[in-house]
Amino acid sequence: MYKYILCDLDNTILDFKKGEETAIKWVFESEGVTFSDELYARYHDINVGLWRELEAGRVDKHHVLIHRFKVFFKTLGIDVDGAVKEQIFREHINNSHELVDGALQFLDYLKRKGYILCTATNGVFNTQMKRMKDAGILDYFSHHFISEEIGYEKPHHNFFKHCIETLEVKDLSEVLMIGDTYTSDIIGAHQFGIDSCYYGVRQVDATYHVEELEEIKSIL
């Protein structure tokens, strides 16, 4: 049924959460702020809110990356240079490349079965490429569709248009988008007319819903 698999990276294949927590600790410590679950949650809410603004086309990626730390530290009464904090974060997140449970086995399965597997991710191009290379998974994918290089973020129509045109897909029913973020992965695929598979514990409106990557095998 499916021939082309568009696969999100962060928290779908690569365990972004583990790497992010380590990087955030370094950013906090640069201002003498002790890491806590409460402060991490506060930063997370600010960060997610800015990425939602980006997905909606109201701000650009530079605004998100520079302002998220500036806004966070402002809630603590600390004035910082957002660009400097982003550099600290980037240095550490670039070195994070842990895989989510079952990711390598899943990629092996797709490769053995002959699917045309492509990354389809929002993020910084060099960061994503380095993390995949360090994780040893770069060559599982025939194409890497990364928003910074494409010029559009998921769920933007032009992100998916670029993927489809590059792959020279003739029949959208042969394409499946897999991801953990409803607003970008699932809604974006739906609006373009592509089937979607939501990977996570939430109940969302997607073509398929799995809580483990292993379950996707039965769909394929």
Side-chain angles (χ1 to χ4, degrees), residues 7-103 120-124 127-128 130-131 135 146-148 153-155 178-188 196-206 209-213:
C7 193
D8 179 51
L9 273 181
D10 290 330
N11 298 321
T12 301
I13 298 298
L14 292 171
D15 194 333
F16 182 78
K17 291 177 182 176
K18 288 183 180 178
E20 181 189 46
E21 184 172 320
T22 299
I24 291 298
K25 286 179 179 178
W26 282 95
V27 176
F28 285 11
E29 289 174 7
S30 72
E31 290 294 330
V33 175
T34 302
F35 181 90
S36 69
D37 290 341
E38 179 186 353
L39 289 181
Y40 184 47
R42 184 186 304 182
Y43 161 79
H44 181 266
D45 288 344
I46 292 168
N47 185 49
V48 168
L50 285 168
W51 279 100
R52 294 289 181 268
E53 291 285 298
L54 175 64
E55 291 170 3
R58 289 189 283 268
V59 299
D60 60 21
K61 183 183 274 91
H62 178 76
H63 178 91
V64 174
L65 301 182
I66 300 304
H67 280 78
R68 55 186 178 176
F69 294 114
K70 191 171 184 66
V71 173
F72 167 76
F73 280 109
K74 190 174 182 179
T75 68
L76 302 177
I78 303 172
D79 185 31
V80 303
D81 184 331
V84 172
K85 299 309 174 187
E86 173 60 25
Q87 184 177 3
I88 295 171
F89 176 82
R90 191 62 46 194
E91 288 173 357
H92 291 280
I93 200 67
N94 282 358
N95 292 319
S96 69
H97 55 267
E98 292 188 63
L99 297 169
V100 303
D101 291 341
T121 177
N122 287 345
V124 177
T127 296
Q128 300 296 57
K130 182 180 186 302
R131 293 170 67 223
I146 301 175
S147 62
E148 183 179 63
E153 308 283 331
K154 295 177 296 181
I178 301 171
D180 72 302
T181 306
Y182 179 66
T183 53
S184 59
D185 300 321
I186 308 307
I187 290 180
S196 61
C197 179
Y198 175 72
Y199 168 52
V201 296
R202 290 175 55 197
Q203 294 299 319
V204 303
D205 184 17
H209 176 205
V210 300
E211 294 187 14
E212 302 290 341
L213 291 176

Does the side chain of Phe28 come within less than 4.5 Å of Thr34's, by heavy atoms? no
Is there side-chain contact between Glu148 and Thr127, with at least one heavy-atom pair below 4.5 Å? no
Do Ile78 and Val33 come close enough that some side-chain heavy atom pair is under 4.5 Å? yes
His92 atom NE2: more than 12 heavy-atom contacts under 6.0 Å: yes
side-chain hydrogen bond (donor to acceptor under 3.5 Å, both in side chains): which pairs involve residues 75-88, sequence neighbours left out? Ser30-Lys85, Glu31-Lys85, Arg42-Thr75, Arg68-Glu86, Lys70-Asp79, Glu86-Arg90
Under a 4.0 Å threshold between the charged nitrogen and the carboxylate oxygen, would Arg52 count as salt-bridged to Glu55? yes
salt_bridge(Glu21, Lys25) N-O dist < 4.0 Å: yes
Side chains of Asp10 and Gln128 in contact at under 4.5 Å (non-hydrogen atoms): yes
Partner of Tyr198 under side chain to side chain contact (heavy atoms under 4.5 Å, CB included), chosen from Ile178, Val204, Thr181: Val204
Looking only at atom types and distance, does a side-chain atom of Asp180 sit under 3.5 Å from a main-chain N or O of Gly200, one as donor and one as acceptor? no
Donor-acceptor pair, side chain of Ser147 and main chain of Gly123, under 3.5 angstrom: yes
Are there more than 12 heavy atoms of other residues, nucleotides or ligands under 6.0 Å from atom CD of Glu91? yes
Verify the ring-centre separation between Tyr40 and Phe35: is it less than 6.0 angstrom? yes
In chain order, what residues pass the ring-ring contact (aromatic ring centres under 6.0 Å, His included) check against Tyr43, with sequence neighbours excluded? Phe69
Less than 4.5 Å apart, any side-chain heavy atom of Leu14 and any of Val100? no
Hey, is the main chain of Ser96 close enough, under 3.5 Å, to the side chain of Arg131 for a donor-acceptor pair? yes
Would you please name every residue forming a salt bridge (Lys or Arg N to Asp or Glu O under 4.0 Å) with Arg202, sequence neighbours left out? none
Please step through side-chain contact (heavy atoms from CB on, under 4.5 Å) for the pair Ile13 and Thr121, ending with a clear verdict. CA-CA 11 Å; Ile13 298 298; Thr121 177; over 6 Å; no
Is there a side-chain contact between Ile93 and Phe16 (heavy atoms, below 4.5 Å)? yes
Is there a side-chain contact between Leu50 and His63, using heavy atoms and a 4.5 Å cut-off? yes
Would you call Leu76 and Leu39 a side-chain contact if the rule is heavy atoms closer than 4.5 Å? yes
Looking at Glu98, I want to see if its CD is surrounded by more than 12 non-hydrogen atoms of other residues, nucleotides or ligands under 6.0 Å. no
Considering the options Asp185, Asn122, Thr183, which one meets the side-chain hydrogen bond (donor to acceptor under 3.5 Å, both in side chains) requirement together with Lys154? Asp185
